[in-house]
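Small disclaimer: the values here were computed from a predicted structure and weren't measured. All residue numbers refer to positions in the sequence shown, counting from 1.
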Amino acid sequence: MLKTLGAQIKEFKRDSILTPIFMILEVVMEMVIPLMMASIIDKGVEVGDMQHIYVMGAWMIVAAFGGLLAGGFGAMFGARAATGFARNLRKSMYENIQTFSFANIDKFSTAGLVTRMTTDVTNLQNAYQMILRMFVRAPFSLIIAMIMAFRISPRLASIYLIAVVVLGILLTLIMTRTTKFFRQVFKKYDDLNASVQENVSAIRVVKAYVREEYEKTKFTKANFNLYNMFVSAEKILVINMPLMQTAIYSCILLISWLGAKMIVVGDLTTGNLTSLLAYCMNILMSLMMLSMIFVMVTMSMASAERISEVLNEKTSMENPKDPILEVKDGSIEFRNVNFSYKQQNGEPVLKNINLSIKAGETIGIIGGTGSAKTSFVNLISRLYDVTEGEVIVGGKDVRAYDMEALRNQVSVVLQKNVLFSGSIYENLRWGDMEASEEECKRACKLACADEFIEKMPQQYETMIEQGGSNVSGGQKQRLCIARALLKKPKILILDDSTSAVDTATDAKIRKAFREEIPDTTKLIIAQRISSVQDADRIIVMENGEVHGFGTHKELLETNAIYRDVYESQTGGNGDFDEGGAA
């Protein structure tokens with residue numbers, strides 16, 4: 001874990017080294033001031049030597065200014081190192097997430113990833129800055145002050161030593177008790193973020209079903225759980241301050257009492273007693289700083305583990321050593337394919353799939369909810385890897401291709417595809433960043449999106465709001481189809497992506513595909529038989545298996561499920577799930 005996190009310091013190593021150097025210099029300046037003060041009292045005030053007072057006073061000012069300067073530089077370099085460290089953590093996590101396969105993404109919740117990149121990174125940033133500054137300053141200050149105290153009076157310095165040992169033991173016990181709470185608290189943050197994210201993204205549904213009170217209750221529960229965890233930890237940590245204050249005041253009283261007796265008998269000077277009291281405060285304040293560091297480090301350990309999980313997560317899919325960079329054509333073949341989302345001991349989602357699709361064919365895919373239609377097409381663009389068997393595209397196993405080259409030639413339009421903030425042109429060019437205006441307009445014409453775009457005041461320069469909230473579901477789907485077409489793919493997969501489009505527009509889109517992109521293999525997942533009955537062949541999925549594969553006419557004659565669905569839909573009183581269950 002430390003190696004993983006340490007690698008993110010990168011270009012901020014110099015700042016990370018300079019910070020502790022300046023903090024040590026600040027401590028040195030602070031440690032000589034009590035000696036100068038003692039000299040002023042013993043050799044200046046008591047003997048009436050004003051020259052000595054002026055000289056030592058001037059040196060005290062120099063030392064104080066030097067300490068202030070060193071502390072300022074230490075704070076500046078520490079802040080730069082810590083914020084840079086946090087920046088690199090966020091950047092590395094984000095870049096690593098982009099490499100994740102769907103199987104990797106399934107391991108982490110969206111809310112969990114957001115918490116890791118925000119709250120967890122902030123915790124590590126604060127902890128790293130404190131480690132660079134206080135974790136160097138506090139022990140160094142404690143050791144130097146202890147040495148100086150023993151040099152003045154070993155007898156009185158023993159009081160510090162006993163206080164340090166006792167406090168060290170008590171602070172260790174406190175930290176041990178609080179660690180378990182901080183390990184759990186960030187899981188509660190995930191729950192809180194999940195509640196907020198779900199509510200905000202689905203706010204229209206919440207209002208439509210008048211579920212505001214339910215959502216408030218759910219958020220309050222998550223928020224209260226987080227509150228309880230922090231309160232439990234703070235109840236233990238609150239003991240820290242009374243312990244420190246008790247130790248400080250006890251040491252001051254004992255040193256003052258014993259020191260006064262030693263002055264009377266001549267074993268100690270007044271200046272030395274003043275220095276000892278100053279070192280007493282230095283030692284005990286250093287202990288207090290150390291206790292704060294332990295609290296911060298304890299909190300950040302849980303964050304460090306969660307961040308390391310993301311940074312160390314390796315994609316379950318990698319390019320082969322010599323990947324194929326060109327997809328020959330849009331032919332597809334499934335050979336003895338079995339697939340499970342859990343690669344080992346998982347329930348199979350697809351079972352014994354064997355079929356062959358020619359380049360340029362239009363294939364309809366139909367089946368009830370949960371029949372694994374989407375899982376089937378996800379294997380073609382290698383969003384997941386098969387558990388057993390082979391998926392062949394363009395005559396080669398998909399695992400032999402460079403993944404970027406494969407996915408550029410296998411374009412997928414999802415039912416719930418996403419539009420991004422920006423103009424219609426900018427959204428379309430996700431398919432091809434270099435696409436001309438004419439190419440964009442042609443893709444929109446094929447997808448029947450030009451019909452509504454040209455009616456907008458700014459047409460293709462119209463701004464799309466976040467998530468495409470200012471266009472209808474059908475308009476959003478048509479824009480997503482146009483975006484996919486701009487990739488000029490050899491295989492086009494429409495995953496129920498015309499479900500929000502009326503039947504007339506659906507027919508126009510299919511007609512345009514048939515006439516304008518005849519060489520592209522088209523796979524159309526649909527619930528409506530009317531969307532697939534003109535396809536060259538149709539796949540009927542049932543419980544993760546191919547229940548039928550043939551033309552519309554052949555399936556009506558040979559496949560009971562398809563026939564029942566067709567009759568129920570043409571009769572106007574059923575959908576696929578109802579028909580499939582008959």
Side-chain angles (χ1 to χ4, degrees), residues 4 7 91-108 310-344 346 349-350 353-361 363 372 374-414 417-418 429-435 439 480 483-495 517 519-523:
T4 299
K91 181 173 179 286
S92 295
M93 276 198 290
Y94 187 79
E95 288 178 349
N96 200 39
I97 290 168
Q98 301 310 304
T99 69
F100 286 179
S101 67
F102 278 25
N104 294 114
I105 293 171
D106 291 343
K107 291 183 181 180
F108 302 97
V310 178
L311 291 175
N312 291 328
E313 181 73 14
K314 302 296 182 185
T315 179
S316 60
M317 295 182 186
E318 293 183 348
N319 281 330
K321 289 184 179 179
D322 297 308
I324 300 170
L325 300 176
E326 182 66 33
V327 180
K328 180 182 175 183
D329 56 44
S331 62
I332 304 166
E333 186 178 354
F334 280 67
R335 296 178 184 170
N336 304 314
V337 168
N338 291 297
F339 170 68
S340 171
Y341 285 104
K342 294 182 179 179
Q343 292 293 311
Q344 296 179 347
V349 177
L350 290 169
I353 306 294
N354 286 279
L355 54 82
S356 180
I357 299 168
K358 297 175 184 177
E361 275 194 295
I363 303 295
T374 299
S375 300
F376 174 83
V377 296
N378 280 344
L379 298 180
I380 298 171
S381 56
R382 205 189 169 198
L383 297 176
Y384 291 95
D385 272 336
V386 298
T387 307
E388 295 176 7
E390 295 176 296
V391 176
I392 310 297
V393 171
K396 301 291 182 182
D397 191 316
V398 292
R399 290 168 291 194
Y401 286 107
D402 175 81
M403 283 188 285
E404 184 176 339
L406 175 67
R407 290 170 186 169
N408 276 331
Q409 294 299 319
V410 181
S411 195
V412 183
V413 185
L414 305 173
N417 228 314
V418 176
R429 286 177 177 138
W430 271 68
D432 180 2
M433 296 300 294
E434 305 300 324
E439 288 175 317
C480 291
R483 180 173 67 187
L485 289 170
L486 275 174
K487 293 178 75 171
K488 302 178 181 67
K490 288 187 169 65
I491 299 172
L492 176 64
I493 299 172
L494 304 181
D495 187 355
I517 50 172
D519 297 329
T520 299
T521 305
K522 299 164 281 290
L523 283 75

Residues forming a side-chain contact (heavy atoms from CB on, under 4.5 Å) with K358, sequence neighbours excluded
E361
Which value, rounded to the nearest 0.5 Å, describes the distance between I357 atom CD1 and I380 atom CD1?
6.0 Å
Less than 4.5 Å apart, side chain to side chain, heavy atoms only: is that true for R407 and L383?
yes
Return the set of residues passing side-chain contact (heavy atoms from CB on, under 4.5 Å) with I324 (not counting sequence neighbours), or none when no residue passes.
K396, A400, Y401
Return the set of residues passing salt bridge (charged side-chain N to carboxylate O under 4.0 Å, His left out) with D397 (not counting sequence neighbours), or none when no residue passes.
R399
Which distance, rounded to the nearest 0.5 Å, do you find between the CD1 of I491 and the OG of S331?
7.5 Å
Checking R429 now: which residues fulfil salt bridge (charged side-chain N to carboxylate O under 4.0 Å, His left out) with it, not counting sequence neighbours?
none
Just jot down the side chain to side chain donor-acceptor pair (under 3.5 Å) partners of N378, sequence neighbours excluded, or say none.
none
Who passes ring-ring contact (aromatic ring centres under 6.0 Å, His included) against F376, sequence neighbours left out?
F334
Return the set of residues passing side chain to side chain donor-acceptor pair (under 3.5 Å) with T520 (not counting sequence neighbours), or none when no residue passes.
none
Heavy-atom donor-acceptor pair, N354 side chain to N336 backbone, under 3.5 Å
yes
Measure the CG-CD distance between D329 and Q409 for me, rounded to the nearest 0.5 Å.
10.5 Å
Side-chain contact test, heavy atoms from C-beta onward, threshold under 4.5 Å: evaluate it for I332 versus L523 and give yes or no.
yes
In chain order, what residues pass the side-chain contact (heavy atoms from CB on, under 4.5 Å) check against D402, with sequence neighbours excluded?
N319, P323, L325, E404, A405
Output all residues satisfying side chain to side chain donor-acceptor pair (under 3.5 Å) with E95, sequence neighbours left out; order by chain, then residue number.
K91
Test item: D495 side-chain N/O and V412 main-chain N/O as donor-acceptor pair under 3.5 Å
no
Give me the atom names and distance for the closest heavy-atom approach of A484 to P489.
O-CD, 3.7 Å
Residues two or more places apart in sequence or in another chain: which of them pass salt bridge (charged side-chain N to carboxylate O under 4.0 Å, His left out) with K522?
none
Is there side-chain contact between K490 and T521, with at least one heavy-atom pair below 4.5 Å?
no
Side-chain touch L379/V398, heavy atoms, less than 4.5 angstrom
no
Check side chain to side chain donor-acceptor pair (under 3.5 Å) between S381 and all other residues, then give those that pass, not counting sequence neighbours.
none
Using every non-hydrogen atom in the two residues, find where L350 and A372 come nearest and quote the distance to one decimal.
CD2-CB, 3.6 Å
